[in-house]
There are 2 protein chains.
Amino acid sequence: MASLGELERAVMDLLWAGHEAATANTLRDKLATSTEAKGDAAGHEGKELAVTTVLTVLSRLEKKGLVERERGTRPHRYQAVSSREEHTAELMHEVLGSAPDREAVLAQFIGSVTESEAETLRKLLGHV
Amino acid sequence: MASLGELERAVMDLLWAGHEAATANTLRDKLATSTEAKGDAAGHEGKELAVTTVLTVLSRLEKKGLVERERGTRPHRYQAVSSREEHTAELMHEVLGSAPDREAVLAQFIGSVTESEAETLRKLLGHV
DNA sequence: TCAACTCTTCTACGGTTCGTAGAACAATGA
DNA sequence: TCATTGTTCTACGAACCGTAGAAGAGTTGA
């Protein structure tokens, strides 16, 4: 149950970007303005969504365990459960985990990584 | 357009496993017997599917670029476009590629890899 | 060449997920 | 208490997936 729809992803991107907790209203506004004034190519356009739409999406993200909300405050505040990096890394593990031959996959993976990333990896692995 | 349904995945698994080209009929039989005689837990049970079902799935996989078929031979023969490892590694890159801070994700990723895998990675990267 | 058979394509339906939002209900402030 | 603001419920249409019948096309034995 990992994959996100387009709007769901846009919302997560906002939560990850300014990583404070946000209200549905704030998010709706950001969705409207983000990538709107600049005819952004890949952006998720600047449509004025109904707040309920945003709320529905947030509920779904909550159910998926990606978002948690403070129910105490009156306009509930929503925030990402984990950072984008954590989440992405987790996804990578998920993908990798489903393979019988993990090491072969890793080999393949490493083979197509940029040199600078390879360098980063060497450092992280405690360069021999 | 990356994610696969359960049956689609089962078919890919078969194509990857015995990695010869196979006909729809062969695949249907294998789907029926694989993981059937042993009450396998996670397996995709041993139901007798209609051949057309398998064909539909194969067509969809073809459209997704995961499978190619030989149209020349009469019972068309289907095979995976890339190996499971290639495919999985590609998926990992896809996941990683969508992140703004790739290196941070890699850091996170490496942090939760098993020691033996870390060792493998060192070898692959290292030859220092 | 014709009939029987095999295989593929077309079409379709029900379930699930996602984008979208109205209607109704709850809380909060003046 | 009333108006405002926010939340939950419910719902609908599109897309994707599992599933398969009906019809069309190729193959082959007689």
Side-chain angles (χ1 to χ4, degrees), chain A residues 1-15 21-32 34-36 42-79 91 94, chain B residues 1-15 21-32 34-36 42-79 91 98:
Chain A
M1 213 214 256
S3 83
L4 299 184
E6 197 164 344
L7 180 53
E8 290 176 328
R9 173 152 297 278
V11 168
M12 286 312 296
D13 278 345
L14 286 178
L15 289 178
T23 69
N25 252 299
T26 311
L27 289 170
R28 193 217 39 198
D29 294 346
K30 282 190 186 162
L31 283 171
S34 84
T35 69
E36 165 226 54
H44 319 83
E45 72 293 337
K47 265 202 52 186
E48 272 286 331
L49 293 176
V51 188
T52 51
T53 301
V54 179
L55 280 166
T56 302
V57 168
L58 284 168
S59 292
R60 287 175 183 166
L61 289 171
E62 191 187 19
K63 191 183 307 180
K64 291 185 189 180
L66 291 183
V67 157
E68 67 190 353
R69 81 171 90 185
E70 304 169 24
R71 285 197 131 86
T73 68
R74 207 35 184 133
H76 293 184
R77 302 181 75 77
Y78 301 79
Q79 64 189 324
L91 269 189
E94 226 166 86
Chain B
M1 212 213 257
S3 83
L4 300 183
E6 196 163 344
L7 179 54
E8 290 176 328
R9 174 152 297 278
V11 168
M12 287 311 297
D13 279 345
L14 286 179
L15 289 179
T23 69
N25 252 300
T26 311
L27 289 171
R28 192 216 40 194
D29 293 346
K30 283 191 186 162
L31 282 172
S34 82
T35 69
E36 163 229 54
H44 319 84
E45 71 294 339
K47 264 202 54 185
E48 272 286 331
L49 294 176
V51 189
T52 51
T53 301
V54 179
L55 280 166
T56 302
V57 168
L58 284 168
S59 292
R60 287 174 182 166
L61 288 172
E62 191 186 19
K63 190 182 309 177
K64 290 185 190 183
L66 291 184
V67 157
E68 66 190 357
R69 81 172 88 186
E70 303 168 26
R71 285 196 130 86
T73 69
R74 206 38 187 131
H76 294 185
R77 303 181 74 78
Y78 300 79
Q79 64 190 325
L91 269 190
S98 71

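These numbers come from the heavy atoms of this one structure, side chains and all, not from hydrogens, waters or symmetry mates. Here is the naming used below: chain letters follow the sequence lines, and residue numbers restart at 1 for every chain. In this text the structure is predicted, and so the values were computed from the model without any measurement.
Counting to the nearest Å, the P atom of C:dC18 and the CG atom of A:L4 are 8 Å from each other. Atom P of nucleotide C:dC25 and atom CG of A:L55 are separated by 18 Å, given to the nearest angstrom. Atom P of nucleotide C:dC7 and atom CG of B:D29 are separated by 11 Å, given to the nearest angstrom.
Scanning atom types as modelled, one donor and one acceptor separated by under 3.5 angstrom connect the side chain of A:R60 and the base of C:dG19.
In terms of phosphate contacts, A:K63 brings no side-chain nitrogen or oxygen within less than 4.0 Å of OP1 or OP2 of C:dT17.
Considering only the side chain of A:T56, C:dA21 comes nearest among C:dC18, C:dT9, C:dA21.
Mapping B:Y78 and A:R74 onto DNA chain C via the closest heavy atom, the residue that lands nearer the 5' end is B:Y78.
One side chain, B:T23 or B:T26, offers a donor N or O that lies under 3.5 Å from an acceptor on the other.
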Original post:
So A:E68 and A:K63, salt bridge (Lys or Arg N to Asp or Glu O under 4.0 Å) or not? Walk me through it.
Top reply: CA-CA 9 Å; A:E68 67 190 353; A:K63 191 183 307 180; over 6 Å; no

Original post:
Would B:R60 and B:E8 satisfy salt bridge (Lys or Arg N to Asp or Glu O under 4.0 Å), going step by step from the backbone distance to the final call?
Top reply: CA-CA 8 Å; B:R60 287 174 182 166; B:E8 290 176 328; 5.4 Å; no

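Using a 4.5 Å heavy-atom threshold, the side chains of A:K64 and A:L4 count as touching.
Contact annotation for B:L49: backbone-only contact, meaning every heavy-atom pair under 4.0 Å involves sugar-phosphate atoms and none involves a base.
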